[in-house]
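Here's the structure we're looking at; comments come further down.
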Number of protein chains: 2
Amino acid sequence: MARQAARESDRAETPAGSAGNGGRRVSARDRVFDEICQWLLTGRIVPGRGVSLRGLAAELGVSPMPVREAIHRLAAEQALEIGPTGRIHVPAMSAARFEEIVKVRVLLEPELAAMALPHIDKPALQALKAIDAGIDRSLETGDVESYMRLNHDFHFGIYGAARSEVLLPLIESIWLQFGPFMRTVYGRMGTSHMVDQHERALDAIAKGDAEGLKSAIAGDILDGMRLLGLAIVGETDTATAGNSNVTAFDKS
Amino acid sequence: MARQAARESDRAETPAGSAGNGGRRVSARDRVFDEICQWLLTGRIVPGRGVSLRGLAAELGVSPMPVREAIHRLAAEQALEIGPTGRIHVPAMSAARFEEIVKVRVLLEPELAAMALPHIDKPALQALKAIDAGIDRSLETGDVESYMRLNHDFHFGIYGAARSEVLLPLIESIWLQFGPFMRTVYGRMGTSHMVDQHERALDAIAKGDAEGLKSAIAGDILDGMRLLGLAIVGETDTATAGNSNVTAFDKS
DNA sequence: TTCGAGGAATTGTGATCACATTCAGTGGAA
DNA sequence: TTCCACTGAATGTGATCACAATTCCTCGAA
């Protein structure tokens, strides 16, 4: 989900700097960064209330220092916003912003998927199918958080195979930007209107059809974002200021 | 060149937190970030030697703290790399990386230019022409650093008019990644082989021709990067390790 | 001359502290 | 009841310190 050393920490099941994780010591900064990324992508942090350095630090059991660096890193990728007075908050979604996000996703993600295609072997394809099955279950049970996590895993399960150093971080950055917004919308409309568009992609991968995969990914993006786009109309400032009664931490 | 508050600081001619810059106080972190960005984009920092936190801090006259945050921000955008042991260095360019960069640039930059086109008024067009004239002078005199700065100003003079919140930061991030590499190559080959391809873009802007502008930008990118691409062949590890005799600070 | 061991200097990391600014809650006055 | 000034809590920022790890240089042995 994150960057560089982060992927190592994903692999390590042991909580922290214990031996056996390949000898690499994971810094608290990266751990905090990954954690906040998760909260953003699964929608545990939603627009509305602000987040505070010391608050996050206390919740994560570290000093404000690593949190500060992780926050600024997120702010650099537009996943968080630092207001004129220095306050940290999740940026509100605007129509223009949303339109740009869709445009970038459609431009970049099919391209990266096509690059990844030759590197997706049989076991990887099976893993993707398993994830997709999980997505169907999440849609049936209406588990939004689980759906978002699995949908993320599906897409990046494909993209990650490309071993990309440039495109992949860019796309990760984009996902961090619409994750919180996606969660608020889905949380309001439920999962009933959502359709799983991943079969076409899986078929194209099985056949090694690059153009088909690109088209499937683009279709999946456009279809999923169309639902979100409908939600943005008429609620131009539901998520702008702190007048909403949703809290930053939606799970409490 | 940078993000958010950075643009405010660009406008303020007064060096630091003096009154009259709109009342906004610029943080040392953003100032340091902008400075290092400049060094990266104009090639003052080149691959080869590493850079150190305390060294930069001393050079910039601040404590290591703001530098640390700026560095990590740059590392998050792949403009700098943090090695397994935590050492900071400019990442080496690889063929695969370079290919991805070109692909992303061709996908995104023409798109953003087309978005910007309706917002470029007469004075802005005149400013672009002035920059282009400066580029021609730099090519004649062989001033690589000046050329790189003006070329950057030309492109972002166009892109900036789009008021983009998503595409623009992405493209800025990409430029930071190939800036240092560009400088090393140009420093070696000189400016004699370079051709100014900006006239087509200026014509398209004057005529309000979106497709023409997209094509001109794409052509400019491909042409400029083709030269760089030629340089990458056969020097696969000239810039990888510290075996080169170029220093990180090329101006000393 | 070459190689390797040992120690000193340097590096990034994380914590704590001091400070200016800002936000929220309370009080009193109109 | 409404509005505004004031005060205390909370926030982000930057600096300094302590520490573990690494790197680099030096000295000595082969």
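All figures in this text were calculated on a predicted structure; none of them were measured in a lab. Letters go in sequence order (proteins before strands), and every chain restarts at 1.
- We find that CE of A/Met65 is positioned 11 Å from C1' of D/dC17, with the value rounded to whole Å.
- In this structure, the CD1 atom of A/Ile82 is 15 Å from the P atom of C/dT22, given to the nearest Å.
- Checking D/dT13, D/dT16, C/dT13 against the side-chain heavy atoms of A/Ser27 singles out C/dT13 as nearest.
- Atom P of nucleotide C/dT13 and atom CZ of A/Arg31 are separated by 15 Å, given to the nearest angstrom.
- With rounding to whole Å, B/Arg54 atom CZ is found 13 Å from D/dT22 atom C1'.
- Residues A/Pro64 and B/Ser52 both approach DNA chain C. Their nearest nucleotides, taken by heavy-atom distance, put B/Ser52 toward the 5′ side.
- Within the 4.5 Å cutoff, the side chain of B/Val102 has no heavy atoms near those of the B/Glu99 side chain.
- Rounded to whole Å, the distance from CD1 on A/Ile88 to C1' on C/dC23 is 15 Å.
- For the residue pair A/Glu109/A/Trp175, the side-chain donor-acceptor check at 3.5 Å is satisfied.
- Ring to ring, A/Phe181 and A/Phe178 are not that close: their centroids are 6.0 angstrom or more apart.
- One atom, NE2 of A/His72, and another, P of D/dT13, lie 4 Å apart when rounded to the nearest Å.
- The NE2 atom of B/His89 sits 13 Å away from the C1' atom of C/dG12 (whole-angstrom rounding).
- Among the atoms of the strands shown, only primed sugar atoms or phosphate atoms (P, OP1, OP2) are found under 4.0 Å from some heavy atom of B/Arg87.
- Between its opening and closing five pairs, the helix from C/dT1-D/dA30 to C/dA30-D/dT1 changes axis direction by 10°, a value rounded to 10 degrees.
- Distances shorter than 4.0 Å separate none of the side-chain N or O atoms of A/Thr85 from OP1 or OP2 on C/dT22.
- Put simply, A/Ser63 has no side-chain N or O that comes within less than 4.0 Å of OP1 or OP2 on C/dT16.
- Residues A/Ile171 and A/Ser164 are not in side-chain contact: their nearest non-hydrogen atoms beyond the backbone lie 4.5 Å or more apart.
- The side chain of B/Arg29 contributes an N or O atom lying less than 4.0 Å from OP1 or OP2 of D/dT13.
- A/Pro91 and A/Ala79 get closest at one heavy-atom pair: CD-O, 3.4 Å.
- The CG-P distance, from A/Leu53 to C/dA15, rounds to 12 Å in whole Å.
- Between A/Arg29 and A/Met65 the shortest side-chain heavy-atom distance does not fall below 4.5 Å.
- Within the 4.0 Å cut-off from OP1 or OP2 of C/dT13, not a single side-chain nitrogen or oxygen of B/Arg68 is found.
- The existence of a salt bridge linking A/Arg183 and A/Glu145 is confirmed by a sub-4.0 Å separation between a basic side-chain nitrogen and an acidic carboxylate oxygen.
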